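Numbering of ligands and ligand atoms starts at 1, following listing order. These numbers were taken from a predicted model, which means no experiment stands behind them.
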Amino acid sequence: MLQRTLSIIKPDAVSRNLAGDILAMIQAAGLTVKATKMIQLTRAQAEAFYAVHKERPFYGSLCDFMTSGPVVVSALEGENAIQAYRDLMGATNPANAAEGTIRKRFALDVEKNAVHGSDAPETAAQEIPFFFSALEIVG
Ligand code: DAT
Ligand code: MG
């Protein structure tokens with residue numbers, strides 16, 4: 001099934017100039033970049049984006065981290081893109097991430113873990129419009 005998913009290359013990876021390497025891995029995996037831009041999240045935007053985690057002990061630290069520098073957000077498309085990108089990302093904690101995954105290669109720890117990817121169709125349907133208008137996504 002052709003799907004879209006939302007990717008964020010997080011501040012730890014952007015600040016180490018890894019955005020190009022990560023986008024190359026995304027494209028090598030067969031996913032197509034339909035939209036991309038570099039932005040710096042405001043505190044309110046980070047809190048809204050991660051609202052599902054607001055009761056978690058790491059929420060404040062996560063929002064601090066996500067606003068600590070620029071991120072590269074992208075809308076990706078491909079066959080089963082949501083799961084395909086989750087597979088390419090690897091486990092949340094890079095200590096558990098498989099060889100060949102983005103997080104195994106580039107993540108620093110469970111928080112500074114290089115990338116975000118939508119986790120379900122309903123999530124992708126919220127997360128893509130959070131960052132991109134219809135006009136910003138190529139057909
Ligand atoms: P994922 O990003 O793999 O979807 P998640 O949705 O469970 O993981 O959590 C969102 C982010 O929150 C995650 O990428 C990094 C941070 N996070 C998750 N668990 C954490 C923990 N135990 N300690 C610190 N940060 C954590
Ligand atoms: Mg998640």
Side-chain angles (χ1 to χ4, degrees):
M1 183 197 2
L2 197 64
Q3 278 181 337
R4 288 181 179 178
T5 192
L6 189 278
S7 163
I8 306 177
I9 303 175
K10 297 185 181 182
D12 65 299
V14 173
S15 67
R16 287 178 288 148
N17 287 330
L18 296 173
D21 287 348
I22 292 171
L23 286 168
M25 287 177 77
I26 287 169
Q27 292 175 316
L31 293 162
T32 302
V33 178
K34 304 295 280 187
T36 195
K37 59 188 172 187
M38 183 181 285
I39 59 171
Q40 179 137 8
L41 292 172
T42 65
R43 181 80 193 187
Q45 288 168 336
E47 288 176 356
F49 185 78
Y50 278 118
V52 65
H53 294 304
K54 66 174 178 291
E55 306 304 332
R56 310 283 286 277
F58 55 79
Y59 179 65
S61 178
L62 175 63
C63 293
D64 288 343
F65 165 58
M66 291 299 290
T67 57
S68 67
V71 298
V72 173
V73 293
S74 306
L76 310 179
E77 186 175 272
E79 276 301 307
N80 299 312
I82 295 168
Q83 189 59 47
Y85 188 47
R86 296 290 309 187
D87 291 346
L88 180 64
M89 286 165 54
T92 305
N93 186 339
N96 303 323
E99 289 296 334
T101 63
I102 293 169
R103 283 167 164 169
K104 177 71 177 184
R105 263 182 91 181
F106 295 132
L108 299 174
D109 57 41
V110 69
E111 177 180 85
K112 296 177 176 61
N113 62 4
V115 283
H116 167 87
S118 307
D119 62 10
E122 313 79 64
T123 323
Q126 291 182 334
E127 291 181 349
I128 294 170
F130 187 91
F131 290 108
F132 296 105
S133 72
L135 278 173
E136 292 179 299
I137 304 174
V138 299

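- Of the heavy atoms in Met66, none comes closer than 4.0 Å to ligand 1.
- Remark: the Glu77 side chain and the Thr32 side chain contain no N/O donor-acceptor pair separated by less than 3.5 Å.
- Legend: residues meeting side chain to side chain contact (heavy atoms under 4.5 Å, CB included) with Gln27, ordered by chain and number and at least two apart, are Val33.
- Less than 4.0 angstrom separates some heavy atom of Arg86 from each of these atoms of ligand 1: 1 (P), 3 (O), 4 (O).
- Proximity of Val110 to ligand 1 is established by a heavy-atom distance of less than 4.0 Å.
- Using a 4.0 Å cut-off between a side-chain N of Lys or Arg and a carboxylate O of Asp or Glu, Glu99 and Arg105 do not qualify as a salt bridge.
- Contacts between His53 and ligand 1 below 4.0 angstrom, taking non-hydrogen atoms only, involve the side chain exclusively.
- Side-chain atoms of Glu79 and Gln3, non-hydrogen and from C-beta on, never get closer than 4.5 Å to each other.
- The shortest contact between atom 8 (O) of ligand 1 and any protein heavy atom is with Thr92 OG1, 3.3 Å.
- Two residues are said to be in side-chain contact when any heavy atoms from C-beta on lie closer than 4.5 Å; Leu76 and Arg4 fail this criterion.
- Looking at Phe65, Tyr50, Phe58, Tyr59 and measuring to atom 17 (N) of ligand 1, the nearest heavy atom belongs to Phe58.
- Phe130 belongs to a hydrophobic cluster with Leu6, Ile8, Ile39, Leu41, Phe49, Tyr50, Phe58, Tyr59, Leu62, Phe65, Met66, Val71, Val73, Ile128, Phe131, Phe132, Ile137, counting contacts under 4.5 Å between side-chain heavy atoms of Ile, Leu, Val, Met, Phe, Trp and Tyr, direct or through other members.
- Of all protein heavy atoms, the one lying nearest to atom 2 (O) of ligand 1 is Arg103 NH2, 3.0 Å.
- At a heavy-atom cutoff of 4.0 Å, ligand 1 is contacted by the side chain of Lys10 but not by its backbone.
- Within the structure, ligand 1 lacks Met89 among the residues with a heavy atom less than 4.0 angstrom away.
- Side-chain contact between His116 and Lys10: present, with at least one pair of heavy atoms (C-beta onward) separated by less than 4.5 Å.
- Residue Asn113 touches ligand 1 through its side chain alone, judged by heavy-atom distances below 4.0 Å.
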